[in-house]
Student: 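Take a look at the following structure, please.
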2 protein chains.
Amino acid sequence: MLLRVGELAKRTGLTVRTLHHYDEIGLLKPSMRSDAGYRLYRRQDVARLHHIQALRSLGMSLTDIGALLDRPSSSLTAVIERQIQMLERKIADQAQLRDRLVALHRQFENGDEPEMDDWLKTLEMMTMYDRYFTREELDRLPLYRVDDDRQAEWKTLIGEAQDLIRQGVPPSYRAAQELAQRWMTTLERDTAGDPTLLDKLNAMHANEPEVQAQMGISTQVSEYVMRAFAESKLAIYHRYLSEEEFSFMRQRYPQRMHEWPTLMAKLRQQLEQGTPPQAPAVQQLAREWLELLRSFAGDDPATHEKIRRANEQEPALQANVWMTERMKEYLGKAIAHLTAS
Amino acid sequence: MLLRVGELAKRTGLTVRTLHHYDEIGLLKPSMRSDAGYRLYRRQDVARLHHIQALRSLGMSLTDIGALLDRPSSSLTAVIERQIQMLERKIADQAQLRDRLVALHRQFENGDEPEMDDWLKTLEMMTMYDRYFTREELDRLPLYRVDDDRQAEWKTLIGEAQDLIRQGVPPSYRAAQELAQRWMTTLERDTAGDPTLLDKLNAMHANEPEVQAQMGISTQVSEYVMRAFAESKLAIYHRYLSEEEFSFMRQRYPQRMHEWPTLMAKLRQQLEQGTPPQAPAVQQLAREWLELLRSFAGDDPATHEKIRRANEQEPALQANVWMTERMKEYLGKAIAHLTAS
DNA sequence: CTTGGAGGCTCACGTCGCGTGAGGGTCAAG
DNA sequence: CTTGACCCTCACGCGACGTGAGCCTCCAAG
């Protein structure tokens with residue numbers, strides 16, 4: 001019962017080189033050598049090889065197999081559970097990649113062979129998104145899902161904005177305000193009402209000229225829309241404030257309104273983590289929130305009260321703010337606790 | 001618009017080393033160097049890098065990406081289709097492995113931490129099967145599916161056979177014959193009635209002492225059962241043949257009956273490939289078939305006729321032969337064409 | 001006795017996409 | 001002038017072998 005490499009290889013379906021390799025790394029050393037130096041495998045060696053093959057078929061690395069066989073400390077059950085988890089992860093990753101490829105493929109399959117450039121642009125957008133969002137976020141982000149209707153909708157909105165800018169219509173005009181409101185409604189829908197997603201999306205647009213170019217949302221366009229959106233809110237507050245209060249607010253509000261999404265995103269994350277409103281982190285957010293408010297509303301409590309009343313009585317002020325009832329309540333508690341202490 | 005490696009790395013989320021690597025292999029060479037030898041990337045380089053990242057996110061190799069970008073000969077559609085296929089294969093493989101691991105895990109989870117040896121033995125059996133069967137075959141092989149009832153059934157059968165042998169009961173006795181018939185019925189069920197699977201299973205048992213030891217089916221046992229099975233068939237033929245014919249057959253039949261499965265497997269493969277019965281390959285099989293028949297039935301056409309009649313009239317002879325109606329018909333045509341020419 | 005072919009041996013480089021130092025230069029700020 | 005951040009090249013390492021090159025050993029046939 002002495003086998004030479006070739007015979008053992010044939011019997012096990014491995015190659016001679018593989019057996020040499022196992023010998024080199026000390027995983028399976030033949031327990032004998034002939035006078036000429038030939039490897040001679042005994043029954044026990046063959047048995048060990050069978051163990052090795054069995055464990056290999058589980059996808060284990062040679063190092064791990066060696067460790068397991070030489071000192072069978074850890075249980076095989078644990079090993080197998082690890083392997084299963086690893087496989088699950090790999091499978092999920094690859095399935096996701098495949099789905100993306102299939103989607104990409106479908107997108108271009110009607111119509112003739114598309115230009116290389118179109119492919120690459122679409123692909124680059126996708127990888128951009130990958131860099132700014134995690135996989136779960138992408139799953140939750142409606143904007144990410146390729147959808148012709150949605151795309152057409154945005155093209156229209158952007159086109160309208162560009163037209164208004166070209167015609168020199170100021171952001172304070174009703175046409176601009178109306179567009180800005182539709183814009184935000186669509187955006188709120190396409191970010192699933194999640195300020196975290198909105199915030200990351202803003203970051204992406206701010207940092208990546210490529211994305212701006214691709215979608216046609218230049219800095220100019222987004223600033224115009226932001227401004228017009230601010231005007232639409234201000235127009236409502238106007239009815240609740242004195243002329244003096246209003247002009248103060250009108251000067252300051254647009255300058256810092258872009259800070260809202262980041263703040264809301266942080267707040268929402270705390271809420272979802274189940275942090276109590278009294279926790280230091282949340283209290284800090286509440287402080288920043290009030291600071292932001294004061295930065296455009298001034299320090300007069302009377303003014304704050306007017307704003308609160310406006311927010312309560314005007315449903316239009318409650319729209320497009322990426323706020324849920326739960327978040328309002330949470331924020332309310334945090335601020336109450338802050339001012340009480 | 002000149003970027004140094006570090007800045008470009010930060011912007012793209014890659015590492016400096018990665019960019020060095022791309023430079024080394026010629027995938028992305030910065031179009032400028034500073035006097036001190038610093039890599040300086042221009043807008044066009046950045047654009048190329050974006051293309052690279054996009055294609056990488058499809059899972060393409062760097063070599064392929066380089067080829068595609070430098071001479072955009074082949075269409076991206078084709079590339080993507082290839083990638084999708086590759087992924088599908090990988091996913092299927094890994095899913096199968098995972099399923100096996102899960103099955104293995106379940107098998108041992110009731111009961112306490114099993115012995116390492118039990119694990120390994122089960123595993124080794126699995127890898128054995130892997131070596132002798134393709135994946136699709138394993139899917140079709142009921143024997144491969146771990147099933148306690150089935151396993152108990154085989155344990156019983158094997159135990160009975162061992163008892164009979166121990167007690168010295170000859171294979172010609174009714175008890176042995178009856179056991180052999182149950183054995184074959186079970187075997188036919190557990191090979192899904194497919195002679196190809198039966199044949200490979202036989203090969204595995206013959207070549208792998210490990211498997212024999214594990215299941216308890218020693219050469220002695222399987223030969224005993226085969227013999228008894230032969231006797232059970234012969235007992236029926238006895239009623240149709242002269243004493244002389246019968247004793248001739250009884251001497252020869254057991255010696256070559258093990259050739260049936262291989263022959264049937266080949267025949268079935270031809271049938272499934274849609275080869276016409278007149279094709280040379282099938283004719284050759286028909287010749288071998290007749291030769292095998294003659295080897296134990298002799299050359300007298302009258303004897304052959306008796307055997308044919310027995311086969312027709314005795315349903316018991318039709319059982320446990322891994323033959324479907326379609327195969328009988330196919331073989332009939334092949335033999336008819338052979339004898340006619 | 002030789003010869004040829006099958007099989008064995010060791011040594012060593014290649015794969016793929018970088019990570020991770022080592023050892024040393026460059027540049028702007030303090 | 002120093003400091004620290006950034007840059008350079010060179011080179012090994014990973015994992016599981018594939019693929020030679022150059023040489024040795026064994027057995028059967030001429």
Student: Looking only at side-chain N and O atoms, does A/His20 come under 4.0 Å of OP1 or OP2 in D/dC17?
Tutor: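 Negative; the distance criterion is not met.
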Student: Using a 4.0 Å cut-off to any heavy atom of chain B, which nucleotides of DNA chain C are the first and last in contact, reading 5' to 3'?
Tutor: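 Range of nucleotides touched by chain B: C/dG17 to C/dC27.
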Student: Let me know, please, whether B/Arg17 or B/Met60 comes out on the 5' side of the other along DNA chain C by nearest nucleotide.
Tutor: B/Met60
Student: Between B/Thr63 and B/Tyr38, which is nearer to the 5' end of DNA chain C once each is assigned its nearest nucleotide?
Tutor: B/Thr63
Student: Measure from CG on A/Leu19 to P on D/dC17 and round the result to the nearest Å.
Tutor: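 It works out to 10 Å between those atoms.
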Student: Just do the side chain to side chain donor-acceptor pair (under 3.5 Å) check on A/Gln85 and A/Arg82 with the steps written out, would you?
Tutor: CA-CA 5 Å; A/Gln85 279 179 12; A/Arg82 273 210 309 277; over 6 Å; no
Student: Taking for each residue the nucleotide of DNA chain D with the nearest heavy atom, is it B/Val5 or A/Ser61 whose nucleotide lies nearer the 5' end?
Tutor: B/Val5
Student: Take the protein atom CG of B/Leu40 and the nucleotide atom C1' of D/dC6, then report the distance between them rounded to whole Å.
Tutor: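 After rounding, the gap between these two atoms is 13 Å.
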Student: With a sphere of 6.0 Å drawn around NZ of B/Lys90, does it hold more than 12 non-hydrogen atoms of other residues, nucleotides or ligands?
Tutor: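 No.
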Student: Would you call B/Lys10-B/Glu7 a salt bridge at under 4.0 Å N-O?
Tutor: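 Looking at B/Lys10 and B/Glu7, the cut-off is not met.
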Student: Can you tell me if the side-chain N/O atoms of A/Thr15 get under 4.0 Å from OP1 or OP2 in D/dC17?
Tutor: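 So the side chain of A/Thr15 is outside the cut-off, no N or O lying under 4.0 Å from OP1 or OP2 of D/dC17.
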Student: Quick check on D/dT25: is either OP1 or OP2 less than 4.0 Å from any side-chain nitrogen or oxygen of A/Arg39?
Tutor: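 For D/dT25, neither OP1 nor OP2 has a side-chain N or O of A/Arg39 closer than 4.0 Å.
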Student: When you look at CZ of A/Arg33, are more than 12 heavy atoms from neighbouring residues, nucleotides or ligands closer to it than 6.0 Å?
Tutor: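 Atom CZ in A/Arg33 is packed in, count exceeds 12.
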Student: Distance from B/Tyr22 atom OH to B/Arg39 atom CZ, nearest 0.5 Å?
Tutor: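 Answer rounded to 0.5 Å: 14.0 Å.
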Student: Whole angstroms only, please: what is the CD-P distance between B/Glu7 and D/dA5?
Tutor: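 The answer, rounded to whole Å, is 16 Å.
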Student: Any chance CZ of B/Arg131 has more than 12 other-residue heavy atoms, nucleotides or ligands included, within less than 6.0 Å?
Tutor: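 Above 12, so yes.
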Student: To the nearest angstrom, how far is A/Arg33 atom CZ from D/dT25 atom C1'?
Tutor: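 In whole Å, D/dT25 C1' lies 14 Å from A/Arg33 CZ.
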Student: Whole-Å distance between D/dC17 C1' and A/Glu24 CD?
Tutor: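 Going from A/Glu24 (CD) to D/dC17 (C1'), I get 9 Å.
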Student: Are any of the side-chain heavy atoms of A/Asp64 and A/Val79 separated by less than 4.5 Å?
Tutor: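 With C-beta onward as the side chain, the pair stays apart.
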Student: To the nearest angstrom, how far is B/Asp23 atom CG from D/dC8 atom P?
Tutor: 9 Å
Student: If I take atom CG in residue A/Asp35 and atom P in nucleotide D/dC24, what distance separates them, rounded to the nearest angstrom?
Tutor: 17 Å
Student: Give the rounded distance in Å between these two atoms: OH of A/Tyr22 and P of D/dA16.
Tutor: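 Atom-to-atom, A/Tyr22 to D/dA16, this comes out as 8 Å.
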